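Each remark here refers to the structure printed beneath this line.
Computed from a predicted model, the values in this text were never measured in an experiment. One-based numbering, in listed order, for ligands and for the atoms of each.
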Amino acid sequence: EIVAQSLVCTHLGCTIAESATGFDCPCHGSQFDEDGNVLTGPAQKPLKTLRVELLEDGTLRLHTKG
Ligand code: FES
C-alpha cells in the first residue's frame, strides 16, 4: 500500500521540509515525526494522510481532499 503525506503544516498552512527527525515547519517551528505526528507545536494536529490510488494503467492518482 502506498501512503502519501501532506507537506502542509497543520498550524497555519506553510510548506514543511524534511529534517533529521521527520519534518520541520520554517514558519513557526512546529516539528513532526516521520509519520506526521506532532513533536513540537504550535501545530496541534498531525500531518494529513492523503489517499493514493493505483490505476490499471500504472498511473497514481492522489486524492488531496477527503
Ligand atoms: Fe507551521 Fe505555523 S504554519 S508552525
Side-chain angles (χ1 to χ4, degrees):
E1 181 181 330
I2 300 169
V3 175
Q5 199 166 51
S6 171
L7 296 180
V8 176
C9 181
T10 57
H11 178 227
L12 293 177
C14 289
T15 301
I16 60 172
E18 285 189 69
S19 70
T21 57
F23 304 95
D24 292 349
C25 181
C27 293
H28 312 106
S30 289
Q31 296 180 305
F32 303 85
D33 68 16
E34 291 179 346
D35 295 324
N37 299 305
V38 177
L39 295 173
T40 305
Q44 298 291 309
K45 296 179 181 176
L47 297 176
K48 187 174 179 182
T49 299
L50 306 173
R51 188 164 71 90
V52 179
E53 181 180 5
L54 177 60
L55 304 181
E56 285 187 21
D57 68 357
T59 301
L60 289 177
R61 179 177 289 160
L62 179 62
H63 297 260
T64 58
K65 301 197 184 224

- Are there more than 12 heavy atoms of other residues, nucleotides or ligands under 6.0 Å from atom CD of E53? yes
- Shared ILVMFWY cluster between L50 and F23, side chains joined below 4.5 angstrom? no
- Item | Steps toward disulfide bond (SG atoms under 2.5 Å apart) verdict (C9, C27) | CA-CA 9 Å; C9 181; C27 293; over 6 Å; no
- Query: Distance below 2.8 Å from atom 1 (Fe) of ligand 1: how many protein N/O/S atoms qualify?
  - Reply: 2
- Value for CG (D33) from CG (L47), rounded to nearest 0.5 Å, stands at 8.5 Å
- Message: Any side-chain to backbone donor/acceptor pair from D35 onto N37? Under 3.5 Å, distance only.
- Response: no
- Item | Same apolar cluster (I L V M F W Y, side chains within < 4.5 Å links), V3/L62 | no
